[in-house]
Enquirer: 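Once you've had a glance at the structure underneath, I'll fire off some questions.
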Amino acid sequence: MDIEIRPYRDEDHDEWMNVHARIMTISHSWNYCIQERPAYEGHESTRLVACSNGAIIGLTDTIYDKTPGEVCFKKETCGGYVTEFGRLPEFTGGGLGKRLIEATIADARIKGVSRLEYWSQDRGAQQYYMKIGLPEIARHYRFRMEPPQEVIDYMLQDGIGIEYIYGVCQPEDWTHVQKQHKLKSDHPLEPHLCVGYAIDDFDHPYGA
């Protein structure tokens, strides 16, 4: 199968959105559904698509720090935060992830960036990153919870109702959070562990 990795073009918009939507249905990587393609205005970015027979089958986007730590977790130097990374399920196991990573590294080099961060709350994606040898840099829990009554009462003074609170916490605080607060547990609002991985050595053969 011939697969081409190329830059995203404006005329790809509708097809890109359709592919992105399909990937979202099989992944927990995203917190919300989008109706517009991210433009990353004000930032340098890498926007790539993988194509087979002219059709988009995979995609990846990266947005770059303007100052260290602006969008990335690590703050030592400017890096690239990978906001999109996925492929259609029928193209599993063909090395597409490796090629998308390599293409992103190549473009990051051109932009003078030497580090990428991949974050995901999807267990399958986390297993993939571990499989290809990406070192973990941090983790945290993401969750929705019922607001305390005092918060509800306070916001109602301004005519604002609260359906739920979206929160994050460190792993060491997770047990306490679960005990002290009423968390949403039904899909699609269930809690997730989000884990970050980094590529700090562009010469290392990451990818599988």
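Note that the coordinates shown come from a computational prediction; the quantities given were computed from them, not determined experimentally.
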Enquirer: To the nearest 0.5 Å, what is the distance between CD on Q126 and CD on Q121?
Expert: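 The distance works out to 8.5 Å.
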Enquirer: For residues R37 and D61, determine if any side-chain heavy atom of one lies less than 4.5 Å from a side-chain heavy atom of the other.
Expert: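 Side chain of R37 against side chain of D61, heavy atoms only: contact under 4.5 Å found.
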Enquirer: Remaining members of I137's ILVMFWY cluster at a side-chain heavy-atom cut-off under 4.5 Å?
Expert: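 I137 clusters with Y40, I63, V71, F73, Y81, W119.
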Enquirer: If you count every heavy atom of other residues, nucleotides or ligands that lies below 6.0 Å from Q149 atom CD, does the total exceed 12?
Expert: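 Buried by this count: over 12 neighbours within 6.0 Å.
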Enquirer: With a 4.5 Å cut-off on side-chain heavy atoms, are V195 and M130 touching?
Expert: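 M130 does not reach V195 side chain to side chain.
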Enquirer: Considering only NZ, NE, NH1 and NH2 on the basic side and carboxylate oxygens on the acidic side, decide whether D12 and R6 come within less than 4.0 Å.
Expert: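 Counted as a salt bridge, because a side-chain N and a carboxylate O are separated by less than 4.0 Å.
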Enquirer: Taking atom OH of Y166 as the centre, does the number of heavy atoms from other residues, nucleotides or ligands within less than 6.0 Å exceed 12?
Expert: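 Enclosed.
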Enquirer: Would one find more than 12 heavy atoms of other residues, nucleotides or ligands at under 6.0 Å from atom NZ of K182?
Expert: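 Open: at most 12 neighbouring heavy atoms sit under 6.0 Å from NZ of K182.
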Enquirer: I'd like to check T60 versus I101 (side-chain heavy atoms, cut-off strictly below 4.5 Å). Are they in contact?
Expert: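 No - every pair of side-chain heavy atoms lies 4.5 Å or more apart.
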Enquirer: Is the shortest distance from a Lys or Arg side-chain nitrogen in R109 or D203 to a carboxylate oxygen in the other one below 4.0 Å?
Expert: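 Yes.
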Enquirer: Main chain of I56, side chain of E15: is a donor-acceptor contact present, judged purely on distance under 3.5 Å?
Expert: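 Yes; judged by distance alone, with no hydrogens or angles, the pair exists.
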Enquirer: Assess whether a salt bridge exists between E90 and R22, defined as any Lys/Arg side-chain N lying under 4.0 Å from an Asp/Glu carboxylate O.
Expert: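 Counted as a salt bridge, because a side-chain N and a carboxylate O are separated by less than 4.0 Å.
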Enquirer: Say whether Y64 and T46, considering side chains only, have a donor N or O and an acceptor N or O under 3.5 Å apart.
Expert: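 Indeed, the side chains of Y64 and T46 share at least one donor-acceptor pair under 3.5 Å.
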Enquirer: Which atom names give the shortest non-hydrogen contact between I5 and A50, and what distance separates them?
Expert: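 Answer, listing the atom of I5 first, then A50: CD1-CB, 3.4 Å.
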Enquirer: Is the shortest side-chain heavy-atom distance between P148 and I165 below 4.5 Å?
Expert: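 They are in contact (side-chain heavy atoms under 4.5 Å apart), so the answer is yes.
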Enquirer: Under 30°, 30 to 60°, or over 60°: which ring-plane class applies to F85 and Y118, parallel, tilted or perpendicular?
Expert: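 It falls in the perpendicular class, over 60°.
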